[in-house]
Amino acid sequence: MFLSINNLHKSFTNNGKTELVLSDIQLDVNEGEFVSILGPSGCGKSTLLSIVAGLTNATDGSIELSGKTIKGPGKERGMVFQQAALFPWLSVEENVMFPLLPEMSKKEAQQKAHQYLQMVQLSAYTKHSPHEISGGMQQRVAIARALAMDPALLLMDEPFGALDEQTRSRLHEIVEKIFLETKKTILFVTHSIAESLKLSDRIVVMGTQPGTILDVIELDFPRPRSQSKEELLYYEEKIQALLKSEIDKVTEKEQKNAASR
Amino acid sequence: MQPAVKRIIFYVLLFTIWQGAVYVFDVSPSLLPAPTDVFASLYEGFSNLTLVYDLVASFRRLFIGLAIALVLGLLLGVLLAKSKTADETLGSLILALQSVPSIVWLPLAIMWFGLNEMAVIFIVVLGATIVMTINVRTGIINVPPLFIKAAKTMNYRGFRLFSKVTIPASIPYAVTGMRLAWAFAWRALMAGELLSTGPGLGYSLRFASDFGDMSRVIAIMLLIMLIGIIVDLLFFQRVEKKVLKKWGLATS
Ligand SMILES: Nc1ncnc2c1ncn2[C@@H]1O[C@H](COP(=O)(O)OP(=O)(O)OP(=O)(O)O)[C@@H](O)[C@H]1O
Ligand SMILES: [Mg+2]
């Protein structure tokens, strides 16, 4: 198995109270697969991705990538965050060169950076500062920067959450194109059902309090998905029903909490 | 009306009223000399080079003191930001010292170093180091955690992470720290010179005062003010603006 998450548990201690955030997460991902993680806010999607990235330690369980246990961050895993997290003191091009510079000459790094900026259709903006380009463009730079390391696994945490609908759907096309061209394995966190249906080979639907995997949905449809609107409707309703019971659960708990106060 | 035009009119008026008042009320020059006398004294000081020597002497001390303070402030700021224990102990002392004008250290400094340049430089270093330290510390503590996380996923850690992310991310604060350090250093230097020995602008001011030469006193006061403004406006504010713009922090 390419990526396997085994019996993963994670709890946080806040003000002396320990709260289980992820409970017994079990997931296998094949090489070259596009897997979305979908779930209500607060169910631990970011936490899960952060553990896979090696930025957060699991409380229990392990993650293996190509047979090796993950112990910290590594070059074989690239990450795109909800905010672009570009370094403002560097130009667009220098930002993409950033992960490359430790191991190659400036010239090589620049060449590579341009190649990836071309992939996200930003060749015309190499010398701009991050704050001189739009949010959608910044997010594309962040994608180019993550790709520049040539990671085997690309982790994306609601990368388009803060963008408007048009920009979002344009970026979906770009991501899909990159996915098909580079054959990267992608783990994609979202809370948009439409987004996950459009992009994924499999959707992992998560429940909350504690975060668990409710269901894994296989989508065996050709790309682009716009051809199979009708068929996808069935899955959309199915996921909606799954999430609805989760959200009801949260609301109920919240009301109980409020009443007991 | 342009702000610059308003300002010119204001200063012309100010000097005219000053000149007129001195003339009309026949004020003694040992109380308040007329602006023309002040400018004459300023001109004389520059043409016989006494003020030039003073300036050179003062600036030499300032640069030595400021250079030491900036390096020291940078190191201390990094230490306080990185070590919790240092922050809780040494940090509290530095914050406490901040409320003490550095000039009050002069009697001690004179005991330690003698009545000489060293004592004055010590005062300058003390005044400037504290603000620089506090700003560098704040800058490092306020580096967005997201930057650090992002860099970690790109395999940056340890010293490389610090030098390529933490330091550049805190430069806007460091620049503000430098600007404040200069302002503190300049004030501390003048106070130090006024109360110890020369040559230097502060010393010449006291010397002129001892001889009742108020024109020269005010001439030197003007010079101190002008230098303060010019360095701040023409150098530090410009650098600060540029850095803030480049870092995407400018608010216009
Ligand atoms: N560093 C932390 N310390 C303590 N608790 C945390 C920490 N990070 C996350 N949590 C808690 O873990 C839970 C899951 O957070 P997480 O950010 O993973 O949710 P999410 O599914 O990504 O939500 P969203 O869709 O809103 O981004 C939340 O209840 C949060 O309060
Ligand atoms: Mg999240």
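Letters A, B, ... mirror the listed sequences (proteins, then strands); counts begin at 1. If you're wondering where the values come from, they're calculated on a predicted model, not measured in any experiment.
- V243(B) does not touch chain A: none of its heavy atoms, backbone or side chain, sits under 4.5 Å away.
- Within 6.0 Å of the CZ atom in F184(B), the count of heavy atoms belonging to other residues, nucleotides or ligands does not exceed 12.
- Applying the 6.0 Å contact sphere to OH of Y53(B) captures no more than 12 heavy atoms from other residues, nucleotides or ligands.
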At a 3.5 Å cut-off, give me the donor-acceptor pairs between chain B and chain A, one pair per line with the distance.
residue: Y156(B); atom: OH; partner: F98(A); partner atom: O; Å: 2.5
residue: R157(B); atom: NH2; partner: P73(A); partner atom: O; Å: 3.4
residue: K245(B); atom: O; partner: H131(A); partner atom: NE2; Å: 3.0
residue: K246(B); atom: NZ; partner: W89(A); partner atom: O; Å: 3.4

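- Heavy-atom pairs under 4.5 Å with chain B peak, among P102(A), A148(A), A146(A), A53(A), at P102(A).
- Within 6.0 Å of CE in M104(A) there are more than 12 heavy atoms belonging to other residues, nucleotides or ligands.
- In this structure, chain B has no heavy atom under 4.5 Å from any part of L155(A).
- When all heavy atoms of F81(A) and A150(B) are compared, the closest pair comes out as CE1-CA, 3.6 Å.
- Taking all atoms of both residues into account, the shortest heavy-atom contact from L86(A) to F147(B) is O-CE2, 3.4 Å.
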